[in-house]
Amino acid sequence: MRATRALFVRHGAERTPEGRSLGLLRHWLSPLQQAQFAEKGYFEVVGGDTGRQYRIYPGAMTNVCELDEKGRPKVGLCFLPLGELPIGDVMLSQKIALESCESGALAVARRFAPTGYSFRRSRLLG
């Protein structure tokens, strides 16, 4: 009964805009990013201009951070596309922006001091 219900919930969720956006996001993640996202609820990207490491958590705002050399959040970043988009689409746009036009994304990003709380409260998606 649980398996049937889980299948129904998953199949039904995939038909929503949120579910479709998460499916599209997963499609564009590398195998390593897919594994990170499935296991940890976030994924990491490498900036296309500087080679800096960034972590993208589920969410539409204050969900990106630059990592220090030990993999800890160093600077929080808030940037997102215009319009009301599902979370998966926002996260995908953040990934593409950092990988392909990092300097442009950083130019518009608002910076904040990352606290462990701001990123721990992220929920697992998909």
Side-chain angles (χ1 to χ4, degrees):
M1 185 68 164
R2 286 184 190 177
T4 304
R5 181 177 173 172
L7 183 61
F8 176 76
V9 168
R10 180 175 178 197
H11 182 67
E14 289 174 350
R15 292 185 174 183
T16 66
E18 188 80 24
R20 288 192 306 271
S21 76
L22 290 171
L24 181 64
L25 171 64
R26 278 191 226 93
H27 177 78
W28 282 93
L29 295 177
S30 70
L32 176 60
Q33 290 169 332
Q34 287 176 5
Q36 283 180 325
F37 193 44
E39 294 169 22
K40 299 177 181 178
Y42 61 76
F43 58 91
E44 296 175 357
V45 300
V46 176
D49 297 335
T50 65
R52 292 182 188 142
Q53 194 82 8
Y54 298 93
R55 186 174 291 158
I56 300 177
Y57 293 86
M61 296 188 319
T62 65
N63 65 313
V64 178
C65 66
E66 180 183 339
L67 304 176
D68 67 13
E69 50 285 337
K70 293 184 179 180
R72 296 177 302 211
K74 175 177 162 182
V75 177
L77 302 168
C78 182
F79 65 97
L80 61 151
L82 295 175
E84 294 186 32
L85 298 172
I87 289 174
D89 290 349
V90 172
M91 294 170 66
L92 178 57
S93 69
Q94 291 167 330
K95 168 190 163 48
I96 292 170
L98 288 169
E99 291 176 339
S100 63
C101 55
E102 177 187 13
S103 58
L106 295 178
V108 300
R110 291 192 177 241
R111 288 164 174 70
F112 63 93
T115 64
Y117 174 76
S118 61
F119 297 118
R120 276 195 305 265
R121 64 184 165 87
S122 298
R123 61 187 168 105
L124 291 176
L125 296 176

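Quick caveat, the model's predicted, so the values are computed rather than measured.
Cluster membership for Val45 and Ile96, using ILVMFWY side-chain heavy atoms within less than 4.5 angstrom, is shared. Leu67 is not connected to Phe112 by any chain of hydrophobic side-chain contacts under 4.5 Å among Ile, Leu, Val, Met, Phe, Trp and Tyr, and they are in different clusters. Leu29 and Leu32 are members of different hydrophobic clusters when ILVMFWY side chains are connected at heavy-atom separations under 4.5 Å. Following chains of ILVMFWY side-chain contacts shorter than 4.5 Å, one cannot reach Tyr42 starting from Val46, and the two form parts of different hydrophobic clusters.
For the residue pair Met91 and Phe43, the shortest heavy atom distance occurs at CE-CE2, 3.6 Å. In terms of heavy atoms, Lys74 sits closest to Asp68 at CB-N, 3.9 Å. Looking at every heavy atom in both residues, Asp89 comes nearest to Ser21 through OD1-CB, 3.2 Å. For Asp49 against Glu102, the heavy-atom pair with the smallest separation is N-OE1, 2.9 Å. The minimum heavy-atom distance linking Leu106 with Arg111 is given by the pair O-NH1, 3.2 Å. Closest approach of Ala105 and Phe79 over heavy atoms only: CB-CE1, 4.0 Å.
A donor-acceptor pair is defined here as one N or O able to donate and one able to accept, closer than 3.5 Å; such a pair exists between the side chain of Arg55 and the backbone of Gly71. With hydrogens and angles disregarded, no donor-acceptor distance shorter than 3.5 Å links the side chain of Gln53 to the backbone of Glu44.
Residues Asn63 and Pro58 fail the side-chain proximity criterion, which asks for heavy atoms closer than 4.5 Å.
The CE atom of Met61 sits 7.0 Å away from the CG atom of Leu80 when rounded to the nearest 0.5 Å. Atoms CD1 and CD, on Ile56 and Gln33 in that order, are 8.0 Å from each other to the nearest 0.5 Å.
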| request: Let me see the working for Leu25 and Phe37 under side-chain contact (heavy atoms from CB on, under 4.5 Å), right down to the final yes or no. | output: CA-CA 10 Å; Leu25 171 64; Phe37 193 44; 4.1 Å; yes
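With 3.5 Å as the limit, one finds no donor-acceptor pair spanning the side chains of Tyr54 and Gln94.
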